[in-house]
Number of protein chains: 2
Amino acid sequence: MAQKETVERILDAAEVLFAERGFAETSLRTITSAAGVNLAAVNYHFGSKKSLIQAVFVRFLDPLVDEIERQLNQLQTVKERLTVEDLLQVLTSSVYEIHGRGSNRATSFMRLLGLAYTQSQAHLRKFIGERYGVAFQHYASHLKPALPGATAADLFWHMHFALGTAIFTMSNFDALRAMSENDTGERTPVDFIVSRLTAFMAAGLHNAAHE
Amino acid sequence: MAQKETVERILDAAEVLFAERGFAETSLRTITSAAGVNLAAVNYHFGSKKSLIQAVFVRFLDPLVDEIERQLNQLQTVKERLTVEDLLQVLTSSVYEIHGRGSNRATSFMRLLGLAYTQSQAHLRKFIGERYGVAFQHYASHLKPALPGATAADLFWHMHFALGTAIFTMSNFDALRAMSENDTGERTPVDFIVSRLTAFMAAGLHNAAHE
DNA sequence: GTAAGTTTCAAACGGGCGTTTAGCAGGAAA
DNA sequence: TTTCCTGCTAAACGCCCGTTTGAAACTTAC
């Protein structure tokens, strides 16, 4: 009990602080003092800072990937060929299913996903690729029939364009919303942004098939 | 002469190394030894590491922003209302104009632009906003008539969706191209990627006006 | 109640960091 | 020739980092 509490508290603090400042910029001392545990606890329970970073991702991604898989399979029993819009919908509703609609844990974690790409943490990218590569390929395999006429190269690039749009937007969510509030004078509702984002991605993806 | 050489060599090394590893992860010792200059030279010529980071951005962005402005003005003497495609074309041809088509300095710098968003360098975002905010607004002002029917919120969000797509793709350019080569077995030409990227962005942007 | 095993803790370790300092080299000005 | 100034440099400063250690505190099992 006491153990689980410590581990859980470290993960909670690390998830928030990594998202706010990045991995290299967040020290173990900052994490452990925010979590109210001893500095040595990280190395005792996780072994190293690298392993802690990976553990943060596992705790979030494992249930999310399972939920996506579940929704994909369920949808397939109803429709034979899924549309681009279906596939994007699966992503957002999976996040909602796990965390509820207004969760800022989700947007905070999207920032982590973005950091995983842009920060120099080769071990993390390798780890994510190894652990979630199959699930990613499975999801991608549904996109091919949804975009008839697109070549393999088309698919690859347009999928990553869409991925980039989502990751960039989500990972800078708070900053963008603050800027928009400055510009237009009113706070944009999350649902509006999400629906516009998916529409943007869908329009771009469809473009892959029409050439 | 001797001075300029040292300053220039520090900027060259810093630009490459920051892009490869990020700001916090690149030490002044790494930069100065790569540049072949003394460690203290950075603080002597730039004052601090923060100022060095800003100087890297100024050296790249100042000429680029000027070129974009020039092309915008020139285009306006020919056409009264610029299209989305025109505006995107200005961006790519400005980069080409300054660095030539195949330059990897451009893609390397795009990575820096991405890092400026995602890394915790508040001073840098503030600096960029202050120095280039006006130019950004000017560019954005051309987008409004190009997308009739879009509200201010539509414009803001779709523009940042597009920005995110570009920054994410460019800043992970090498990694993405390596993945694609793994997948499809052949190396995608830069021109193909750029043209698909702009088409993706244009399709998404047009989507803002049609609702 | 005692032994064994787990978890927590304060303290220290070696190392890398950004920055500062005091002095050196060498051309320009007098 | 001397004086000044700018560019440069070796060495050191204090600080924070991730990790390790050895003992204390607590649980569990017999």
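Numbered from 1 within each chain, the chains take letters A, B, ... in sequence-line order.
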Next item on the list: Decide yes or no on side chain to side chain contact (heavy atoms under 4.5 Å, CB included) for B/F60 and B/L112, but give the supporting numbers first.
Entry: CA-CA 10 Å; B/F60 191 97; B/L112 280 185; over 6 Å; no

Notebook entry, point to check: How does protein contact run along nucleotides 9-21 of chain D, one letter per nucleotide 5' to 3', with B for base contact, S for sugar-phosphate only, - for none, heavy atoms under 4.0 Å?
Noted result: BB-B----BBBBB

Next item on the list: Return the value, rounded to whole Å, for the distance between atom CD of B/Q121 and atom C1' of C/dG18.
Entry: 13 Å

Item checked: Whole-Å gap separating C1' (C/dT8) and CZ (A/F46) -> 15 Å

Checklist line | Of A/R59, A/R111, A/R9, the residue whose pairing with A/E15 passes salt bridge (Lys or Arg N to Asp or Glu O under 4.0 Å) | finding: A/R59

Checklist line | Geometric class of the A/H160/A/F136 ring pair [parallel <30°, tilted 30-60°, perpendicular >60°] | finding: tilted

Notebook entry, point to check: Distance check: side-chain N/O of B/H45 vs OP1/OP2 of D/dC8, anything under 4.0 Å?
Noted result: yes

Notebook entry, point to check: Between A/R177 and A/E181, does at least one N-O distance fall below 4.0 Å, as a salt bridge requires?
Noted result: no

Next item on the list: Check whether the ring centres of A/F109 and A/F57 lie less than 6.0 Å apart, and answer yes or no.
Entry: yes

